[in-house]
Amino acid sequence: MNEDLTIEDKLNFEKDGYLIKKVLSNELCDLINQEIHNKLAADSEGVKKNPSIYHYNENPRVIEAWKWSPTIKQVALDQYILSILRGLWNAEPIPFSTINFIRGSEQPLHSDYFHFGSKPELFLAGVWIALEDLVPGSGELSIVPGSHQYPIVDCGDLGLEFPKSKAELKINNSVYEDYVRREVEKNSGKVKNVLLKQGEAVIWAANLLHGGSAITNVEATRKSLVVHYHFEGCEFFYNPNFSKKSIGKYAIRKLDDSDIRGKRS
Amino acid sequence: MSFEYVQKIVADATETKLSEITIDSSMDNIVGWDSLGHLAIMNALASKFPQLEDDMRLQSLASVKEIVDLVNSL
């Protein structure tokens, strides 16, 4: 029995598609915030950020900070987090992506699974950690409880062609976001804003819909970190945004360089 | 002809100005040539040259020169 997960945790996760747990100390969160601040102050242009097609406002998102921050890498490999994920997926987690936010992203509702697929399906986890006490109006994380059970979709399911440019990718993404809005309405999904305390995390299932709510308090920050995990034992990983499973076309993703644990023999 | 064609594909796929794509351009020096940009390049090539659709060589293309060489070999 996993001591870090209760039976109630597992049942709630199965029903709602997410759990909230305190995963980091406040001191560690403060250290990460300082590292991000220092890095951006020293070399803002040089810090890797999300592609512009995924920007919905002027607030940048720092990606792959684990590559230069031992502290952020340590979080991705945190044993308590890994233990929870092992308990929920019954497989060994593979951290492969970190994104740091300073302010709210205002990103429309989406599932990470539209970008990070696996075979067998749904071996993907998101661990979204508040690095400060979040305040209303900061563009809080929004989730749709239960939406993890909505259908998995790919490029082909939406009647789209494989993107051949970033411009086409952006169009495909917009079509996907419209589809999500209709799905939420069709299923009478309830959008819930989550106000976390420093060090608390939302751990979400592969297909849970989430996004950034509108920022109404422009002074507020929303310092946070999300780590994405796949799991060992999968046949392969793929990008649904570039795939059509119905005709057996998968855009394969290799984790060789993005496995935060390092090269595996 | 091949270079100009590849130049346009890479520019569109990576959201880079056409003039900044040279024969020496690669994943190492084009910011937008990330994993998404690479997939877009692969799709553009497969769309123009259907015989490349399941060709594993597409995945390992890492520079404009390599793409031009591949296209010239078809």
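Both backbone and side-chain heavy atoms feed into the values below; hydrogens, waters and symmetry mates do not. The sequence lines fix the lettering, A, B, ..., with proteins before strands; numbering per chain opens at 1.
In B/Lys65, the NZ atom is not crowded: 12 or fewer heavy atoms of neighbouring residues, nucleotides or ligands sit closer than 6.0 Å. The local environment of CG in A/Asn38 is crowded, with over 12 non-hydrogen atoms from other residues, nucleotides or ligands closer than 6.0 Å.
Using a 4.5 Å cut-off between heavy atoms, A/Asn239 contacts chain B through its side chain alone, with no backbone atom that close. With a 4.5 angstrom heavy-atom cutoff, A/Phe242 touches chain B only via side-chain atoms. Only the backbone of B/Thr14 comes within less than 4.5 Å of a heavy atom in chain A; its side chain stays farther off.
Interface summary for chain B: among A/His115, A/Glu161, A/Lys249, the most heavy-atom pairs under 4.5 angstrom belong to A/Lys249.
Between B/Ala40 and A/Ser165, the shortest heavy-atom contact is CB-N, 3.7 Å.
Once rounded to the nearest 0.5 Å, the distance linking CG of B/Leu36 with NZ of A/Lys170 reads 12.5 Å. With rounding to the nearest 0.5 angstrom, the CG atom of B/Asp34 is 9.5 Å from the CG atom of A/Asn50. For the atom pair CG of A/Leu169 and CD of B/Glu15, the computed distance is 9.0 Å after rounding to the nearest 0.5 Å.
B/Leu39 has its side chain out of reach of A/Pro163: every pair of non-hydrogen atoms, C-beta onward, lies at least 4.5 Å apart.
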